[in-house]
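Below is one structure, written out as structure tokens; the observations come after it.
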Amino acid sequence: MELTTNYQMLNQAYLGNSYGDLYVRIYAKYSERDEDNNRTKVQYQARAYYSGNTYIADVGGNGNVNGTSASQVSGSCTNVPSGEYTFATTEAWVEHNEDGTKSISASAYLNMPNWGWNNTASGTATLPPYDIGILRIGVNGEYKKAKAYLGVNGSWKKCKVYLGVNNTWKKGV
């Protein structure tokens, strides 16, 4: 799955049943793109989902969310309400690979010690890739896309092209 700017569920894990099923879910989305630095800001959420029509009381729940490049963040709850709610969030800038691609992984853990329930939901997704080394070249009065390569130690490497304009560097796309 490729991430978008809306939260997407990467996975869920079952914890138990008390007049309804309880799950822990991991979500992710991206919020910013920084093509000049080949990175994307990713936000992660750990959510609990309870299918019952009231709530589970006095569970003493706690858990965490963790994602690629992000600090692990913990959260807690005393009562688990009906429906879905977020109990922990974190975010981080994620560096893309040299070819512009990147996969992320994330997990959400939920522990309900008073009920003896705990589980971890883990999932992966890809970030929208960056076009690395795209150059437009004028051919017969039209611009055509071409990939830029640079010879390094006898092999060809994709590269980004920058142009000097008024004493500043501009990305050449």
Side-chain angles (χ1 to χ4, degrees), residues 1-134 158-160 169 171 173:
M1 154 191 346
E2 187 173 279
L3 284 188
T4 67
T5 56
N6 296 313
Y7 277 109
Q8 297 164 266
M9 185 169 63
L10 304 182
N11 204 353
Q12 68 179 0
Y14 179 76
L15 275 84
N17 181 289
S18 178
Y19 302 104
D21 294 322
L22 179 62
Y23 294 87
V24 59
R25 294 177 171 177
I26 181 66
Y27 283 79
K29 73 173 185 173
Y30 73 87
S31 60
E32 293 180 55
R33 308 253 299 153
D34 180 3
E35 187 171 2
D36 289 338
N37 293 304
N38 201 32
R39 65 186 189 159
T40 300
K41 185 180 269 188
V42 180
Q43 297 176 326
Y44 306 93
Q45 285 188 344
R47 299 183 190 177
Y49 171 74
Y50 177 56
S51 67
N53 59 9
T54 59
Y55 62 93
I56 302 176
D58 301 321
V59 292
N62 59 72
N64 61 55
V65 61
N66 196 10
T68 298
S69 299
S71 297
Q72 181 173 293
V73 175
S74 297
S76 63
C77 60
T78 301
N79 299 318
V80 179
S82 180
E84 184 176 69
Y85 74 99
T86 301
F87 64 86
T89 63
T90 191
E91 67 180 14
W93 282 102
V94 176
E95 302 289 330
H96 286 244
N97 299 322
E98 192 174 293
D99 65 358
T101 63
K102 184 64 179 180
S103 294
I104 57 111
S105 62
S107 64
Y109 171 74
L110 186 57
N111 180 34
M112 301 295 176
N114 294 351
W115 291 79
W117 300 344
N118 64 71
N119 210 342
T120 301
S122 298
T124 61
T126 59
L127 297 176
Y130 285 118
D131 286 332
I132 302 297
I134 296 297
K158 285 184 184 177
C159 63
K160 292 182 180 181
W169 290 102
K171 189 170 183 182
V173 177

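Quick caveat, the model's predicted, so the values are computed rather than measured.
Residues Lys29 and Asn6 fail the side-chain proximity criterion, which asks for heavy atoms closer than 4.5 Å. Annotation: side chain of Tyr27 is in contact with side chain of Glu84 (closest heavy-atom distance under 4.5 Å). In this structure, Asn66 and Thr90 have side chains that are not in contact, with every pair of non-hydrogen atoms separated by 4.5 Å or more. Between Thr126 and Thr101 there is no side-chain heavy-atom pair separated by less than 4.5 Å. Residues Val42 and Thr68 have side chains not in contact (no heavy-atom distance under 4.5 Å, counting atoms from C-beta outward). Looking at heavy atoms from C-beta onward, Trp93 lies in side-chain contact with Asp34 at the 4.5 angstrom threshold. Using a 4.5 Å cut-off on side-chain heavy atoms (C-beta onward), Gln8 and Leu3 make contact. Counting heavy atoms from C-beta outward, Thr120 and Ser107 have side chains that approach closer than 4.5 Å.
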Before giving the answer on side chain to side chain contact (heavy atoms under 4.5 Å, CB included), spell out for Tyr85 and Val80 the whole-Å C-alpha distance, their side-chain angles and the decisive distance to 0.1 Å. CA-CA 9 Å; Tyr85 74 99; Val80 179; 3.9 Å; yes

Could you check Trp117 against Leu22 for side chain to side chain contact (heavy atoms under 4.5 Å, CB included), going step by step and ending with a plain yes or no? CA-CA 9 Å; Trp117 300 344; Leu22 179 62; 3.8 Å; yes

Could you go through the side chain to side chain contact (heavy atoms under 4.5 Å, CB included) check for Met9 and Tyr49 one step at a time? CA-CA 12 Å; Met9 185 169 63; Tyr49 171 74; over 6 Å; no

Would Leu110 and Phe87 count as a side chain to side chain contact (heavy atoms under 4.5 Å, CB included) if you check the C-alpha gap in whole Å, the side-chain angles of each, and the deciding distance to 0.1 Å? CA-CA 9 Å; Leu110 186 57; Phe87 64 86; 3.9 Å; yes

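More than 12 non-hydrogen atoms from other residues, nucleotides or ligands lie less than 6.0 angstrom from OH of Tyr14.
Side chain of Asn38 to main chain of Asn97: a donor-acceptor pair is present (N/O by atom type, distance under 3.5 Å, no hydrogens or angles). For Asn11 (side chain) and Ser122 (main-chain N/O), a donor-acceptor pair under 3.5 Å exists by modelled atom type.
Contact detail for Gly61 and Met112: the closest heavy-atom pair is CA-SD, 3.5 Å. For Leu15 against Val24, the heavy-atom pair with the smallest separation is CD1-N, 3.5 Å. Contact record, Ala13 with Ala121: N-CB, 3.8 Å, taken as the closest heavy-atom pair. Closest approach of Gly123 and Ile26 over heavy atoms only: N-CG2, 4.2 Å. When all heavy atoms of Arg33 and Pro128 are compared, the closest pair comes out as NH1-O, 2.7 Å. Between Ser105 and Tyr44 the shortest heavy-atom distance is O-CE2, 4.2 Å.
The distance from the OG1 atom of Thr89 to the OH atom of Tyr7 is 6.5 Å, given to the nearest 0.5 Å. A distance of 8.5 Å separates OH in Tyr50 from CG in Asp21, rounded to the nearest 0.5 Å. Annotation: the span from Ser69 atom OG to Glu91 atom CD amounts to 12.0 Å, rounded to 0.5 Å.
Side-chain polar atoms of Gln72 and Tyr109 form no donor-acceptor pair below 3.5 angstrom.
Below 30°, between 30° and 60°, or above 60°: for His96 and Tyr130 the angle between ring planes is between 30° and 60°, a tilted geometry.
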